[in-house]
**Q** 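Have a look at this one before I ask anything.
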Amino acid sequence: GDSVTQMEGPVTLSEEAFLTINCTYTATGYPSLFWYVQYPGEGLQLLLKATKADDKGSNKGFEATYRKETTSFHLEKGSVQVSDSAVYFCALIDGNFGNEKLTFGTGTRLTIIP
Amino acid sequence: DTAVSQTPKYLVTQMGNDKSIKCEQNLGHDTMYWYKQDSKKFLKIMFSYNNKELIINETVPNRFSPKSPDKAHLNLHINSLELGDSAVYFCASSLRTGGTEAFFGQGTRLTVV
């Protein structure tokens with residue numbers, strides 16, 4: 001079955017530090033890949049996505065590249081801010097009929113300190 | 001305007017009670033979902049509906065029954081609530097099945113005492 005593995009948290013960084021949150025996946029088909037963010041007390045918001053190999057998703061300074069050869073979709077940001085503190089979820093949809101559901105990783109809690 | 005709205009936001013109830021959570025989306029999407037988030041933030045799908053038809057039913061106790069009166073609504077009814085049902089339940093919708101992002105509601109925090 002499909003699965004998503006992302007790095008264990010929590011992750012604590014100083015403001016303006018470089019961020020990487022690792023994500024690897026296993027899927028039977030050709031999945032679309034997503035990063036969702038959950039701010040405290042809120043629902044999930046789509047951060048970025050990539051639908052095919054070598055696509056790069058980007059939003060709000062965050063980037064992730066769909067790497068089929070390494071089955072990875074690592075999230076990066078060059079300079080984090082306090083407002084980036086949240087839980088980040090890597091997810092996939094493999095698109096096969098009858099299995100159209102988001103499979104999530106376990107989430108990585110990110111805290112940015114001033 | 002709220003895209004995916006669910007009510008109530010908080011629900012505290014006693015064991016053995018029956019409760020419902022309502023969800024509505026105004027995005028014109030065909031597919032709706034219910035996800036459960038446990039205390040460790042782990043998210044797992046429970047159900048998905050496409051145009052009022054059940055597509056996915058994960059291994060969820062049959063005390064949980066989704067109902068979709070039309071494609072803009074997907075309600076979740078829970079019978080005989082148990083302590084282990086305490087979690088945050090998220091409704092979501094997507095334009096169609098497969099490959100497209102989902103839009104999530106704010107969540108319903110259910111506490112069973």
Side-chain angles (χ1 to χ4, degrees), chain A residues 1-11 27-53 55 57 59 64 66 73 86-111, chain B residues 2-10 21 23-25 27 29-51 53-60 66 74 87-109:
Chain A
D2 299 338
S3 66
V4 176
T5 303
Q6 61 182 106
M7 65 188 286
E8 294 271 338
V11 174
T28 53
Y30 298 94
S32 294
L33 303 174
F34 306 88
W35 278 99
Y36 281 83
V37 58
Q38 186 177 27
Y39 297 104
E42 297 186 12
L44 279 79
Q45 302 174 26
L46 178 67
L47 181 60
L48 53 84
K49 69 173 183 177
T51 57
K52 61 183 188 298
D55 270 2
N59 186 26
Y66 190 144
F73 193 54
V87 181
Y88 291 80
F89 293 91
C90 186
L92 68 82
I93 296 177
D94 77 3
N96 290 328
F97 183 77
N99 197 32
E100 297 90 348
K101 61 184 181 185
L102 277 165
T103 298
F104 285 93
T106 52
T108 302
R109 183 179 297 278
L110 174 67
T111 302
Chain B
T2 304
V4 181
S5 60
Q6 49 183 115
T7 55
K9 189 172 181 180
Y10 299 98
I21 306 172
C23 179
E24 175 181 6
Q25 54 95 2
L27 297 167
H29 288 170
D30 287 342
T31 306
M32 296 185 72
Y33 311 83
W34 277 108
Y35 285 84
K36 180 179 180 180
Q37 187 176 44
D38 64 21
S39 58
K40 296 183 179 180
K41 297 290 189 182
F42 185 66
L43 276 155
K44 188 169 169 52
I45 191 166
M46 301 173 69
F47 303 101
S48 77
Y49 271 72
N50 186 50
N51 276 323
E53 182 180 343
L54 180 66
I55 300 296
I56 292 172
N57 182 350
E58 293 289 290
T59 51
V60 177
L74 181 61
V88 181
Y89 293 84
F90 286 100
C91 178
S93 72
S94 62
L95 181 60
R96 55 176 172 80
T97 53
T100 60
E101 65 265 34
F103 293 78
F104 284 78
Q106 293 293 309
T108 296
R109 182 176 294 278

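Numbered from 1 within each chain, the chains take letters A, B, ... in sequence-line order.
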**Q** Heavy-atom distance under 4.5 Å between the side chains of A:Leu44 and B:Phe90, does that happen here?
**A** yes
**Q** Between A:Gln45 and chain B, with a heavy-atom cut-off of 4.5 Å, which part of the residue counts as in contact: side chain, backbone, both or neither?
**A**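 Neither the backbone nor the side chain of A:Gln45 comes within 4.5 Å of chain B.
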**Q** Can you tell me how far the CD1 atom of B:Ile45 sits from the OG1 atom of A:Thr103, to the nearest 0.5 Å?
**A**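 So the CD1 of B:Ile45 and the OG1 of A:Thr103 are separated by 8.0 Å.
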**Q** With sequence neighbours left out, write down each residue that passes side chain to side chain contact (heavy atoms under 4.5 Å, CB included) with B:Glu53, or none if nothing qualifies.
**A** none
**Q** Given a strict heavy-atom distance threshold of 4.5 Å, which part of B:Gln37 is in contact with chain A: side chain, backbone, both, or neither?
**A**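 Side chain only.
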**Q** Can you sort out the partners of B:Asp38 under salt bridge (Lys or Arg N to Asp or Glu O under 4.0 Å), two or more places apart, ordered by chain and number?
**A**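 Counting only residues at least two positions away or on another chain, B:Asp38 forms no salt bridge (Lys or Arg N to Asp or Glu O under 4.0 Å).
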**Q** Are the side chains of B:Glu101 and A:Tyr36 in touch, meaning some heavy atoms are under 4.5 Å apart?
**A** yes
**Q** Within a strict 4.5 Å, meaning less than it, do heavy atoms of the B:Tyr35 and A:Leu102 side chains meet?
**A**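 Answer yes - side chains close enough.
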**Q** In Å and rounded to the nearest 0.5 Å, what is the NZ to CD distance from B:Lys41 to A:Gln38?
**A** 4.5 Å
**Q** Would you please test A:Leu46 and B:Phe103 for side chain to side chain contact (heavy atoms under 4.5 Å, CB included) and show each step?
**A** CA-CA 7 Å; A:Leu46 178 67; B:Phe103 293 78; over 6 Å; no
